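Since the structure is predicted, the reported quantities are computational estimates derived from the model, not experimental observations.
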Amino acid sequence: MGIQAWTYTLVFLSFALYIGIAIWSRARSTSDFYVADKSVSPLANGMATAADWMSAASFISMAGLISFMGRDGSVYLMGWTGGYVLLALLLAPYLRKFGKFTVPDFVGERYYSQVARLVAVVCAIFISFTYVAGQMRGVGVVFSRFLEVDITLGVIIGMALVFFYAVLGGMKGITYTQVAQYCILIFAYMVPAIFISIMLTDNVIPQLGFGSALSDGSGVSLLDKLDQLNTDLGFNKYTDGSKSTIDVFFITAALMAGTAGLPHVIIRFFTVPKVSDARLSAGYALLFIAILYTTAPAVAAFARTNFINTVHDQPYSEAPPWFKNWEKTGLLKWDDHNGDGRMQYYGKNRSDDNAALVNEVVIDRDIIVLANPEIARLPNWVVALVAAGGLAAALSTAAGLLLVISTSISHDLLKSVFMPKITERQELLYARLAAGAAVLIAGYFGAHPPGFVAQVVAFAFGLAASSFFPAIILGIFYKRMNKEGAISGMVTGIGFTAAYIIYFKFINPAANNSAHWLFGISPEGIGTLGMLLNTAVALTVAKFTAPPPASVQRLIEHIRVPRMDSGAA
């Protein structure tokens, strides 16, 4: 079968599986809808958390970023991995022991304030919509190439599917769908990585192939060869970085702290029966995540090497089918500036006699992982498998985010603030209506994203770092933190970070460079500065206002101090 036939087959089978799971596990109560009735096993929750965590940014865009940015792209790898460890060690057990459904629920109770709850709801919705835009963008990219439909139509198809199993199944349906999605996405990621590792280095383990010598008998290592290819074409050395140290630090820190403040990941730890299960599921998730994250640098290097060798200085008339297929999507372009009919792929730092030649090949970073099997001429079923895996990664995270949005509106806004007397049945209806509305808005942002997938997601992490992270950390470990401090800190942090991102991305994009950035910090890393401002404002305001009630301080001691029955819910 051809690539398209294989893709239709595998995508149809995976979609049928997701829909079947949603029907089997449909939510019948608010507890089912919000936290899967706290009945998920640690192993299943670990797989679901990994799928929730490894979004389109991880599957589609991260290796693409590393492939084109080289060492600079490693900030995403370090930040997201370190952030999950931070979440598992510092937050998950305490939040699970606190026993609330959502982050706004925690903020509202911990800071004994409906205003604090409302601020947290606004932050959660803002962050989730920013993040889900990246997932819908990933869905559109996959559909546009492999099913040969317009990106917008691809986003609409993804919206319809997510709407079905998120609205019908709630957290219960999403959890077991995500277990299936993890199995699909990790298989889809590893199979081509193993194949290409064998082809390039004779090493069956991609992580080892990444540092091995090429199999062509030259004795040259893969990374040395890639450095040579990059510099010969006028790019920076692959193993060198161009970002300033301060920007690398701030981006990494924003991604780490943002991870720990992401509401759709935190809520996963409420779905297990006991506090000890939350810790165990966090460990399982870290193992499952590590499989993909340790493979991503190898995939990036394999893809970069094959792309340069396949494209540069080749006659366009002899371009491989994958090149012309991706051209149809508008995500890969060739402009014959010198009229020689050949595809030149150059960087800016050329110093040879042909330095006047300009780059003629423009590639969207989000396609590199999806195109990787085609570039390496792997079997058609492998190419289709990667498409199914990319959809699984995007849809799994999108579903979790949409649940956060619907829960924030139905539980934290309506039930807890404006309509406390509504019945459970009415609350469930409002949750589903909110999820439906959220799907429509997410689809719009997916069709008109403010950047490539990983960049959009990085903005979401920065917003989470600057708003939720200080409020949660201080709420757990500092009994003196009060509602005035938390509210003022969250508003300051997310306000500053959002304004900085909006200015450089939308108002004045021409100034989006290190010469104009504050302290040399890019919009992707500004969330760290927002987090520091949040913390400083929160501590200052708390110092000059009344301490929290004694009951709240006792509550903090309760969730922090281990008990003999530490496995209790």
Side-chain angles (χ1 to χ4, degrees), residues 1-11 56 59-68 137-151 154 185 188-200 206 226 229 233 295-296 298-336 341-346 359-391 393-394 452-453:
M1 290 195 298
I3 291 175
Q4 193 171 26
W6 269 112
T7 305
Y8 271 113
T9 300
L10 293 182
V11 169
F59 189 99
I60 296 175
S61 199
M62 183 171 65
L65 280 172
I66 299 172
S67 182
F68 286 89
R137 162 73 172 175
V139 171
V141 169
V142 174
F143 271 109
S144 67
R145 161 62 187 93
F146 294 104
L147 300 183
E148 297 185 0
V149 300
D150 181 73
I151 285 183
L185 75 87
Y189 203 82
M190 294 305 298
V191 167
I194 292 169
F195 278 178
I196 299 173
S197 182
I198 294 171
M199 292 167 63
L200 289 179
L226 196 48
L229 287 172
L233 296 178
T295 308
V299 171
F302 299 157
R304 179 73 173 175
T305 303
N306 284 334
F307 178 77
I308 292 175
N309 286 334
T310 304
V311 170
H312 176 65
D313 207 30
Q314 299 300 314
Y316 181 73
S317 60
E318 299 175 14
W322 70 265
F323 190 96
K324 295 186 177 180
N325 287 333
W326 277 105
E327 270 192 303
K328 296 174 185 176
T329 68
L331 300 173
L332 178 63
K333 298 177 182 178
W334 172 68
D335 293 315
D336 192 10
R342 305 182 75 86
M343 299 182 290
Q344 273 85 34
Y345 181 61
Y346 291 127
N359 179 36
E360 297 180 340
V361 179
V362 180
I363 181 171
D364 190 301
R365 299 172 184 181
D366 287 340
I367 76 170
I368 197 66
V369 170
L370 299 173
N372 194 25
E374 292 179 276
I375 299 172
R377 300 180 181 178
L378 295 184
N380 290 341
W381 68 267
V382 178
V383 178
L385 180 65
V386 172
L391 288 172
F452 52 87
V453 174

Colleague: Taking all heavy atoms of A188 and all of V386, pick out the closest pair and write down the distance.
Modeller: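 Looking at all heavy atoms of both residues, the closest pair is O-CG2, 3.6 Å.
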
Colleague: Can you give me the closest heavy-atom contact between G64 and I368, atom names plus distance?
Modeller: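 Shortest heavy-atom separation between G64 and I368 comes out as CA-CG2, 2.8 Å.
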
Colleague: For the residue pair H312 and F307, is the inter-centroid distance of their aromatic rings smaller than 6.0 Å?
Modeller: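 No, ring centres 6.0 Å or more apart.
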
Colleague: Mind checking whether V299 and Y189 have side chains closer than 4.5 Å, heavy atoms only?
Modeller: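 Yes, at least one pair of side-chain atoms sits under 4.5 Å.
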
Colleague: Are the side chains of L332 and V361 in contact, using a 4.5 Å heavy-atom criterion?
Modeller: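 When only atoms from C-beta onward are counted, L332 and V361 do touch, with a gap below 4.5 Å.
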
Colleague: How many angstroms lie between atom CG of D313 and atom CD of Q344, to the nearest 0.5 angstrom?
Modeller: 5.5 Å

Colleague: Closest approach of R304 and S67, non-hydrogen atoms and distance?
Modeller: CD-O, 3.2 Å

Colleague: Is any side-chain heavy atom of T310 closer than 4.5 Å to a side-chain heavy atom of P320?
Modeller: yes

Colleague: So M199 and L378, do their side chains get closer than 4.5 Å, heavy atoms only?
Modeller: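 The answer is yes, as the side chains (C-beta and beyond) meet within the 4.5 Å cut-off.
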
Colleague: Taking the side chain as C-beta and beyond, is there a heavy-atom pair between V311 and I375 under 4.5 Å?
Modeller: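 SC-SC contact between V311 and I375 ruled out.
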
Colleague: List the residues meeting salt bridge (charged side-chain N to carboxylate O under 4.0 Å, His left out) with D335, not counting sequence neighbours, and say none if there are none.
Modeller: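 Counting only residues at least two positions away or on another chain, D335 forms no salt bridge (charged side-chain N to carboxylate O under 4.0 Å, His left out).
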
Colleague: If I compare all heavy atoms of A371 with all of W326, which pair ends up nearest, and what's the gap?
Modeller: CB-NE1, 3.3 Å

Colleague: When Y316 is tested against each of K324, R342, E360 for side chain to side chain contact (heavy atoms under 4.5 Å, CB included), which residue passes?
Modeller: K324

Colleague: If you apply the rule side-chain contact (heavy atoms from CB on, under 4.5 Å), what do you find for F323 with Q314, and how did you get there?
Modeller: CA-CA 12 Å; F323 190 96; Q314 299 300 314; over 6 Å; no

Colleague: Roughly how far apart are N372 CG and W322 CH2, rounded to 0.5 Å?
Modeller: 10.0 Å

Colleague: Walk me through it: do W6 and V382 pass the test side-chain contact (heavy atoms from CB on, under 4.5 Å)?
Modeller: CA-CA 9 Å; W6 269 112; V382 178; over 6 Å; no

Colleague: Can you give me the closest heavy-atom contact between A296 and A63, atom names plus distance?
Modeller: O-CB, 3.9 Å

Colleague: Atom CD1 in I363, atom CD in E327: separation rounded to 0.5 Å?
Modeller: 11.0 Å

Colleague: For the side chain to side chain contact (heavy atoms under 4.5 Å, CB included) test, which of N380, N306, V383 pairs with E374?
Modeller: V383

Colleague: Could you check whether any side-chain N or O of T9 sits under 3.5 Å from a backbone N or O of A5, counting only pairs where one atom can act as donor and the other as acceptor?
Modeller: yes

Colleague: Search all heavy atoms of G341 against all heavy atoms of W334 and return the closest pair with its distance.
Modeller: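 Minimum heavy-atom contact is C-CZ2, 4.0 Å.
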
Colleague: Applying ring pair (Phe, Tyr, Trp, His ring centres under 6.0 Å), name anything that partners F302, two or more places apart in sequence or on another chain.
Modeller: none

